Amino acid sequence: MTLGEPTQVQQEEPQPVGIEPSDSAAAAELVRTPMWRVRLRLFRRSFARNWALFRENKMGMFGLVLIGIFALMAIIHPILMSTVWDPKVYDPVTGYDAVLTEYEVVEEVTDPTTQIEVSEARIKLNPTIKVGDTVRIPAQPAPPTWTGENPHYLGTDPQGRDILSQLLYSTRAAFFLGAVAALTTVIIATTVGSVAAYFGGWIDGGLMRFADLILLMPLLPLLIVMSAAFDINMVMLGVLIGILNGFGGVAIVLKSQALSIKVKAYIDAAKVAGGGDWHVIFRHIVPNVLPLSFLYMMFGVTEAIAIEATLSFFGLLNVPMTWGVMINTAQANGYLLSGTQYWWLLFPAGLAVTFLAFAFFIVGRGMDEVINPRLRAR
Amino acid sequence: MTVSPVRTKPLLEIRDLKKHFPISRGLFRRPTEFVHAVDGISFEIAPGESLGLVGESGCGKSTTGRMLVKLMEPTDGTIVFRDGEYEKDVAHIGRSEVKEFRSRVQMIFQDPYESMNPRRTIFDTVSEPLAVQHVGTVQEREERVLELLRMVGLTPPENFLFRYPHELSGGQRQRVAIARALVMNPRFVVADEPTSMLDVSIRISIMELMTKLARELGVSYLYITHDLAVARYMCDRIAVMYLGKIVEIGPTEEVLARPRHPYTRALLSAVPVPDPTYRRTPVEIKGGISKAINPAPECRFIERCPFAAEVCRTNPHPPLEDKGDNHAVACYRADEIAS
């Protein structure tokens with residue numbers, strides 16, 4: 001007999017302290033606790049842990065604060081409209097206010113915001129006006145006014161509508177669009193990616209070739225053509241962006257993640273337990289792909305906001321008011337190339353688009369560090 | 001301890017089981033080459049018996065285990081499974097029958113760090129077979145899981161019920177895996193090297209637990225391992241595999257004391273002995289394991305065999321031949337070598 005005895009070391013691994021009789025009251029108590037309460041407690045615990053990780057990321061926190069500010073803006077608009085703001089004046093689409101602006105009547109105009117040509121003033125007001133007079137004309141766009149009966153803190157647009165009201169109103173639309181687009185993306189991409197990875201074969205081949213096809217099509221020109229052909233509103237745009245993203249690039253990324261999960265032994269264990277295909281996909285693969293999906297959801301919001309701004313800048317969307325429409329209004333009336341002279345027509349909307357998209361992006365990056373431990377500084 | 005496999009009707013009867021994997025699969029070309037991972041093996045497992053399947057990596061032992069729990073479809077052969085009234089050739093059952101079959105068999109995996117979903121609690125993991133087979137209410141499942149955690153030595157069980165796998169040590173995880181395998185009261189469990197990833201110090205306690213539970217619950221094991229010492233500790237009988245074929249099978253002590261196949265002899269002489277004065281019997285085994293791609297019909301071991309003769313070259317791979325005491329060997333020259 002040349003065989004060595006099995007190892008003689010009989011050291012048991014450490015057990016948690018406090019060994020009690022097995023039929024303890026604690027066990028009975030645990031069994032009596034309803035399952036949803038246990039799940040809620042577990043969720044809170046893992047949320048607290050992830051939150052602690054996220055909080056260490058300064059940029060991510062900054063993004064979250066930015067999103068919070070935008071959320072406040074979205075909430076405050078309906079409150080202002082029903083309390084202090086008169087809808088006739090302040091409605092973002094149908095409001096109108098003729099702000100009287102003082103102009104100096106001159107022979108040759110050098111500054112169009114404070115001066116008016118004598119011939120024009122004679123036609124507009126009365127023929128007796130002379131050079132050197134001061135006239136008050138209801139003019140749009142009007143620069144910011146802080147006083148008077150109806151102050152316009154960010155001025156009015158070329159149709160005499162309040163810019164601040166438009167800005168706040170559009171925030172809600174941006175959030176709504178981002179949410180619709182991101183949710184559609186995540187639901188489609190997670191399902192497509194997991195199903196393609198799990199089944200493989202011709203299902204995988206078909207879905208991935210379709211993803212390639214969508215990737216090949218340039219997203220923006222495609223949306224421009226589609227919005228020209230169909231009457232596209234905000235919900236449809238959100239769903240459309242979601243579908244194009246969800247079946248395209250995001251699905252490919254999530255499939256690669258699902259592939260790495262599919263080969264884990266716990267998938268085999270679930271099959272041996274008797275779990276069917278859909279049990280394995282939705283109980284084992286999808287929950288492990290989901291953190292990455294949420295990350296892409298954040299980037300999806302960024303993309304949707306930028307696309308909406310572009311499309312409504314071209315006036316291709318059937319929407320009453322968004323940040324893109326505000327810039328489109330300025331452009332259509334010829335104020336886009338006037339430099340910073342009519343800054344209130346361009347900067348509020350432009351910066352809002354930039355900052356909200358930026359905020360979601362850096363929150364996504366912060367989440368990335370929570371999900372992907374290799375990116376952490378420590 | 002040895003259970004004779006012939007006295008009672010066997011729990012599992014495997015006949016001529018084969019698994020061939022196609023290689024060099026072009027887009028429109030039919031595969032012409034196959035890896036013969038498992039190439040016509042036959043054995044039986046009696047109720048309550050544990051059979052050790054040993055061999056070096058790549059010999060097809062894991063593939064065999066996976067086919068027995070229907071994680072892989074066999075290319076050919078039959079697997080008859082008997083459990084009371086239940087008697088079926090599970091190699092040829094449809095999808096609906098697979099689910100029912102799986103309430104009677106289970107598997108324990110090698111890597112305790114990969115065999116549990118990191119996003120599910122111990123309760124979810126252990127009760128998964130109950131949940132997918134729709135057994136009992138949630139409360140009954142909780143009680144059953146608590147009972148099993150207690151059985152596998154995770155006490156007090158309520159401290160473990162809603163933990164996540166990453167909060168547990170490797171040994172504790174493997175205990176959870178054993179609990180999951182036993183939660184449905186299966187008749188047959190495939191254990192694929194369940195202790196090879198564990199620290200030596202806790203290996204023995206896991207093996208003790210498995211043998212104890214097998215005795216108490218009447219479970220049969222197919223214990224896949226490359227470690228003869230583990231197989232000796234755990235198994236009633238041993239089957240030695242080489243390149244997809246069983247080359248020797250018999251009662252553990254009998255095979256280890258009187259190995260008849262040159263490959264088994266080589267394996268045994270490679271076992272380390274904790275004795276510095278011990279002189280190893282030299283084995284003239286040549287080369288490394290070859291590939292089982294479209295293998296030649298003659299004996300699989302011929303290239304490495306120190307005893308290869310003309311009879312081995314001109315005849316096909318030798319059949320398993322019973323040499324008495326349920327000890328069967330697949331070698332034309334077994335009798336000459338043994339003497």
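Letters A, B, ... are given to chains in the order of the sequence lines, protein chains preceding strands, and every chain is numbered from 1. Just so it is clear, the structure is predicted and the values come from calculations on it, not from any experiment.
Between chain A and the residues B:Q139, B:K70, B:K99, B:M184, the largest count of heavy-atom pairs under 4.5 Å involves B:Q139. Among B:V132, B:L71, B:T121, B:N117, the residue with the largest count of heavy-atom pairs under 4.5 Å with chain A is B:N117. Contact count versus chain A (heavy atoms, under 4.5 Å) is highest, among B:E100, B:Q110, B:R120, for B:R120.
Here the closest non-hydrogen pair linking B:E128 and A:A270 is OE2-CB, 3.5 Å. Among all heavy-atom pairs drawn from A:A273 and B:Q106, the shortest one is CA-NE2, 3.6 Å.
Contacts of A:H284 with chain B are made by both backbone and side-chain atoms, with heavy-atom separations under 4.5 Å. In this structure, no portion of A:R41 lies under 4.5 Å from any heavy atom of chain B. With a 4.5 angstrom heavy-atom cutoff, A:V38 touches chain B only via side-chain atoms. Heavy atoms closer than 4.5 Å to chain A are found in the backbone of B:V105, but not in its side chain. With a threshold of 4.5 angstrom between heavy atoms, B:M107 approaches chain A through its backbone and through its side chain. For B:L161, the part sitting under 4.5 Å from any heavy atom of chain A is the side chain, from C-beta outward, and nothing else.
By the 4.5 Å heavy-atom criterion applied to side chains, B:V98 and A:K271 are not counted as neighbours. Between A:R45 and B:F162 there is no side-chain heavy-atom pair separated by less than 4.5 Å. Counting heavy atoms from C-beta on, the side chains of A:P291 and B:R119 come closer than 4.5 Å. Using a 4.5 Å heavy-atom threshold, the side chains of B:T125 and A:Y266 count as separate.
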For A:R49 and B:E167, run salt bridge (charged side-chain N to carboxylate O under 4.0 Å, His left out): C-alpha distance rounded to whole Å, both residues' side-chain angles, the deciding distance at 0.1 Å, then the answer. CA-CA 14 Å; A:R49 196 167 42 232; B:E167 297 172 278; 5.6 Å; no
May I have the step-by-step check of side-chain contact (heavy atoms from CB on, under 4.5 Å) for B:D124 and A:R283, ending in yes or no? CA-CA 10 Å; B:D124 292 325; A:R283 287 299 171 88; over 6 Å; no
Steps toward side-chain contact (heavy atoms from CB on, under 4.5 Å) verdict (A:V272, B:R180): CA-CA 11 Å; A:V272 175; B:R180 168 173 63 188; over 6 Å; no
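Separating the CG atom in A:D268 from the CD atom in B:E114 is a distance of 10.5 Å, to the nearest 0.5 Å. In this structure, A:R39 CZ and B:F123 CZ are separated by 6.5 Å, a value rounded to the nearest 0.5 Å.
The number of heavy-atom neighbours closer than 6.0 Å to CH2 of A:W202, taken from other residues, nucleotides and ligands shown, is 12 or below.
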